[in-house]
Amino acid sequence: MSVILLAWYDANAREMPWRTSPQARKDGVLPDPYTIWMSEIMLQQTTVVTVKDYFTRFINRWPTVRDLAAAQDADVMAEWAGLGYYARARNLLKCARAIVEEYDGVFPADHAALLTLPGIGPYTAAAVSSIAFDLPHAVLDGNVERVMARLYDIHTPLPAAKPELMEHAKALTPQQRSGDYAQAVMDLGATICTPKSPACGICPWRDPCAARAAGTMAELPKKTPKKPKPIRHGTVYLGRRTDGAWLLETRPEKGLLGGMLGWPGSDWVDSSLPHPDSTPPAKGDWEELEGEVRHTFTHFHLILRVITADLASETTPTQGEFVAKSDFSPSNLPTVMRKAFDLHYQGVSPQMTQRGPLL
DNA sequence: AACGCGTGGAG
DNA sequence: TCTCCAAGCGT
């Protein structure tokens with residue numbers, strides 16, 4: 001089984017900035033564990049296309065784990081802005097510092113050791129130990145869950161089916177070329193055994209696939225239904241001082257958008273409640289903008305009112321701190337906050353708020 | 001064990 | 001517009 005998939009991978013492996021080709025790996029070349037770890041953290045619940053540019057920027061800016069460990073928290077959070085799941089960035093730094101402090105800057109190969117590190121769970125530990133060190137650990141991500149559920153025609157809904165799917169994933173993982181095998185199953189899931197309309201006709205595992213035989217591939221894996229997302233609403237204040245500085249706050253470490261820069265504002269409350277009370281973060285002539293910001297998080301929809309003011313140079317804010325015009329870039333904001341900024345610039349060149357040079 | 005935690009693209 | 005979902009982890 002694994003031999004068939006590895007042969008398919010030899011001919012069809014996708015190229016990625018962090019990937020070592022199957023040919024190079026056969027020649028004994030393994031990737032730098034730091035780059036594999038970096039890519040795997042970024043790839044958690046995030047598409048390859050989205051990750052590529054972030055990965056390149058991070059590796060260029062912090063080429064080694066020691067460089068990253070020495071970075072300023074705010075610089076890492078700013079570079080992560082827009083990628084989402086910001087706890088990953090906080091744990092990225094914690095993990096880099098633990099590698100330097102506890103492992104002398106050298107990534108451990110051991111699965112159990114990796115598991116103890118911040119931000120590294122069962123999947124990522126298996127991915128790093130197999131891809132970076134060629135150790136025979138089975139990866140079980142969304143792709144592999146889908147491939148296993150179909151290969152063995154398993155109708156138990158996720159997440160209850162995970163242990164059973166993991167047993168199959170382990171049984172299939174070969175002792176040789178474990179890293180290529182891990183990447184191969186995931187490539188198969190991403191390009192052929194896709195969630196909708198899988199390309200069974202060109203699948204290297206078409207013959208042994210039980211779901212293909214039963215005709216159930218399109219309905220697998222089964223999933224337990226999700227709860228509907230409630231709507232919340234709130235207010236943000238965009239205060240600009242006469243010298244161009246913006247009034248921003250660093251959000252608390254824990255919770256939504258933890259550790260990220262954002263606009264001061266009200267709490268975000270359920271739409272069944274009256275509009276939340278809020279006081280502007282500084283004295284000024286505040287005026288509500290037309291339109292609103294709409295944004296959907298993992299578990300709720302958000303509608304924001306945006307209120308702006310020009311603030312006097314001597315203003316002392318009650319919330320947040322002024323960020324100098326030269327230090328501010330909307331690309332350093334999480335997307336929902338950048339949308340509020342975009343609303344302010346409505347009608348101006350949309351390019352203005354994309355990642356790039358400072359305004 | 002179930003929930004909190006982002007975002008953008010596809011259909 | 002709306003739902004799904006993408007190389008999951010922490011609590």
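Basis for what follows: all heavy atoms, side chains included, without hydrogens, waters or symmetry-related copies. Here is the naming used below: chain letters follow the sequence lines, and residue numbers restart at 1 for every chain. Everything numeric in this text was worked out from a predicted model, so none of it was measured.
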- Task: May I ask you to verify if any side-chain N or O of A:Gln45 is less than 4.0 angstrom from the OP1 or OP2 atom of C:dA6?
- Result: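 Indeed not, no polar side-chain atom of A:Gln45 lies that close.
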
- prompt: Reckon A:Arg146 has a side-chain N or O less than 4.0 Å from the OP1 or OP2 of C:dA6?
  reply: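 Yes, such a contact exists.
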
DNA chain B: 5'-proximal contact among A:Gly255 and A:Pro159 (nearest heavy atom):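 Closest to the 5' end, via its nearest nucleotide, is A:Pro159.
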
Let me spell it out: for each of A:His299 and A:Lys339, pick the nucleotide of DNA chain B with the closest heavy atom. Which residue's pick is nearer the 5' end?
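Its nearest nucleotide being more 5', the pick is A:His299.
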
Check: Do A:Phe328 and A:Phe322 come close enough that some side-chain heavy atom pair is under 4.5 Å?
Finding: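 Of all side-chain heavy-atom pairs linking A:Phe322 with A:Phe328, none is under 4.5 Å.
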
| request: Identify which nucleotide among C:dA7, C:dC9, B:dT7 has an atom closest to any side-chain atom of A:Pro122, counting heavy atoms from C-beta outward. | output: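 Nearest to the side-chain atoms of A:Pro122, counting from C-beta on, is C:dC9.
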
Nucleotide nearest A:Thr47 (side chain, heavy atoms from C-beta), chosen from C:dC4, C:dA6, C:dA7:
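When the side chain of A:Thr47 is considered, C:dA6 is the closest of C:dC4, C:dA6, C:dA7.
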
Measure from [atom1] on [X] to [atom2] on [N] and round the result to the nearest Å.
X: A:Asp187; N: C:dA6; atom1: CG; atom2: P; value: 15 Å
X: A:Glu145; N: C:dC9; atom1: CD; atom2: C1'; value: 14 Å
X: A:Lys223; N: C:dG8; atom1: NZ; atom2: P; value: 10 Å
X: A:His301; N: C:dT3; atom1: NE2; atom2: C1'; value: 9 Å
X: A:Arg90; N: C:dG10; atom1: CZ; atom2: P; value: 12 Å
X: A:Ile41; N: B:dT7; atom1: CD1; atom2: C1'; value: 18 Å
X: A:Arg88; N: C:dG8; atom1: CZ; atom2: C1'; value: 9 Å
X: A:Arg251; N: B:dG6; atom1: CZ; atom2: P; value: 9 Å

When the nearest nucleotide of DNA chain C is assigned to A:Leu117 and to A:Ala190 on a heavy-atom basis, which residue is associated with the more 5' position?
->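 It is A:Ala190, whose closest nucleotide lies nearer the 5' terminus.
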
Nearest-nucleotide comparison on DNA chain C, the residue closer to the 5′ end among A:Pro118 and A:Trp18 =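 Nearest nucleotide further toward 5': that of A:Trp18.
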
Discussion item. Tell me if a side-chain donor or acceptor on A:Thr194 pairs with a main-chain N or O of A:Thr191 at a distance below 3.5 Å.
Written reply: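 No, A:Thr194 side chain to A:Thr191 backbone: no donor-acceptor pair under 3.5 Å.
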
Check your understanding: What class does the angle between the rings of A:Trp286 and A:Tyr237 fall in, given that below 30° is parallel, 30 to 60° is tilted and above 60° is perpendicular?
Key ->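 Answer is perpendicular, since the angle exceeds 60°.
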
Does [X] get its side chain close enough to the base of [N], under 3.5 Å, for a donor-acceptor pair?
X: A:Tyr123; N: C:dG8; result: no
X: A:Thr50; N: B:dG8; result: no
X: A:Thr46; N: B:dG6; result: yes

query: Base, sugar-phosphate, or nothing for A:Met16, non-hydrogen atoms under 4.0 angstrom?
result: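 Since a base atom lies under 4.0 Å of A:Met16, the category is base.
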
inquiry  = Within the 4.0 Å heavy-atom criterion, would you say A:Ser39 contacts the bases, only the backbone, or no part of the nucleic acid?
reply    =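 The answer is nothing, as A:Ser39 stays clear of every strand by at least 4.0 Å.
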
- Is the distance between the ring centroids of A:Phe341 and A:Tyr345 under 6.0 Å?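 Yes: the rings meet the under 6.0 Å criterion.
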
query = Are A:Asp134 and A:Arg25 ion-paired here, with the side-chain N under 4.0 Å from a carboxylate O?
reply =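 Salt bridge: yes.
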
